[in-house]
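Notes follow once the structure below has been shown.
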Amino acid sequence: MEETSSRRSNDSLVCHLPFIVASVLLLGGCATRQVNPPIAKYDSSSLQRVQRQWHRGDQRDLVILAFSGGGTRAAAFSYGVLEALRSMEIVTSTGTKTRLIDEVDVITGVSGGSFTALAYGLYGDQLFGEYESRFLKRDVQGELTRRVLDPVNWPALSSTGWGRSELAAQLYDEILFNGATFADLYRAGGPMIAVSATELATGSRIVFVPQNFDVMCTDLAPVRLARAAAASSAVPVVLSPITINHYGGTCDYQPPAWLAAFAELPEPPRPAARALNRVRELEELDNGTEDPYLHLVDGGISDNLGLRSVLDVLETYEGAA
């Protein structure tokens, strides 16, 4: 009698197994990407708050670091630069002794360099005690590969708007960023961090700073740093694009007053000319009502050295001054 009951239980389990598997797959397929919220009304004061972070040290200089792409090697090299700057002491024009790293005002990052830039901006000196173990000396690529090959993740990976780069962003959050957003980055009070990606359809450079996202009428503050790092390092084919919502034309965006003054000039002076071209480049992206999504891939496609973002910073700073 017991044997018959046991056999019936096993038969029942076998019969229901397909339904159990299907349920698990359906649950796995419910993964959704983070949706960046729109700006209801453009407010230039948010930009001014970020710009005040440009000067951390001597107000008479502007120190900018550019962290290029190159995978983990780029992340390690840029980390070595920060370590070297931390160990160097200088005497400022006011006679104050300080570490050279405390004079850094802006860090641009692309692809592999974006991880170090964002992590230092978020953690500051705390980074030096844990970055190597949490990221540099970890088999991040192997962990990501195992997750991609795990059947539990296949339904989510096959869903619309959620691909390998979103899976990578989840991993980066777990091992490095702990769910931190750009709002957390700004509250940290470190240097201004500008990491970039490339818009797949147009080839335009998208920099994760309020100046760029304001043009697209989207709020950067709640965007997770892990998604920015994933977008900046999303090598085409190997990784999928990171999709963000585009609301351009819905928030009454206005260029900065100093920039608008040069907009009608046939040949604006150098500090304004490149900045104007940059704004026009962003505005040429399809209108948000016609194309509500942008698909971001590796920033190295449009600027692998991170130097174009340096020029953006310099010319915006010069023009505003």
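Just so it is clear, the structure is predicted and the values come from calculations on it, not from any experiment. The first residue of the sequence shown is numbered 1, and numbering continues consecutively from there. We use all heavy atoms of the structure for the numbers below, so side chains are in, but hydrogens, waters and symmetry mates are not.
Screening I101, L85, V106 against L65 for a side-chain contact (heavy atoms from CB on, under 4.5 Å) leaves a single residue, L85.
Of the possible polar contacts, none joining the T198 side chain to the L200 backbone as a donor-acceptor pair under 3.5 Å is found. T108 places a side-chain N or O within 3.5 Å of a backbone atom of G306 that can act as its donor or acceptor partner. Of the possible donor and acceptor atoms, one in the side chain of R134 sits under 3.5 Å from a partner among the backbone N and O of L176. In terms of modelled atom types and a separation under 3.5 Å, the side chain of R164 and the main chain of V238 share a donor-acceptor contact. In this structure, T145 contributes its side chain and Q141 its backbone to a donor-acceptor pair below 3.5 Å. The closest donor-acceptor contact from the side chain of D105 to the backbone of I64 lies at 3.5 Å or more, if one exists at all. At distances below 3.5 Å, not a single donor-acceptor pair connects side-chain atoms of Q126 with backbone N or O atoms of Y120. Between the side chain of N212 and the backbone N or O of V209 there is no donor-acceptor pair closer than 3.5 Å.
Aromatic rings from F77 and F67 are positioned such that their centres are separated by 6.0 Å or more. Side-chain rings of Y79 and F135 stay apart, their centers remaining 6.0 Å or farther from each other. Note: F177 and Y172 fail the aromatic proximity criterion, with ring centroids not under 6.0 Å apart.
The existence of a salt bridge linking D150 and R147 is excluded, since no basic side-chain nitrogen approaches an acidic carboxylate oxygen closer than 4.0 Å. For R227 and D173, the salt-bridge test fails: no basic side-chain N is under 4.0 Å from an acidic carboxylate O. Ion pairing between a basic and an acidic side chain is recognised when a charged N comes within 4.0 Å of a carboxylate O; R99 and D125 show such pairing.
A donor-acceptor contact closer than 3.5 angstrom is absent between the side chains of N36 and Q34. No side-chain donor-acceptor contact under 3.5 Å links S133 and E130. Between the side chains of D184 and T181, at least one donor-acceptor pair of N or O atoms lies under 3.5 Å. Donor-acceptor pairing under 3.5 Å is recorded for the side chains of T116 and S78.
Contact record, W154 with V148: NE1-O, 2.9 Å, taken as the closest heavy-atom pair. Between L122 and A180, the closest heavy-atom pair is CD2-CB, 3.6 Å.
Looking only at side-chain heavy atoms (C-beta outward), M216 and Y247 stay at 4.5 Å or farther from each other. Counting heavy atoms from C-beta on, the side chains of I244 and Y293 never come closer than 4.5 Å. Here the side chains of T218 and N245 are not in contact, with every heavy-atom distance at 4.5 Å or above.
Environment of CZ in R138: crowded, with over 12 heavy atoms of neighbouring residues, nucleotides or ligands closer than 6.0 Å. Environment of CD in E143: crowded, with over 12 heavy atoms of neighbouring residues, nucleotides or ligands closer than 6.0 Å.
Of the inter-residue distances, the one linking S114 atom OG with L225 atom CG reads 10.5 Å to the nearest 0.5 angstrom.
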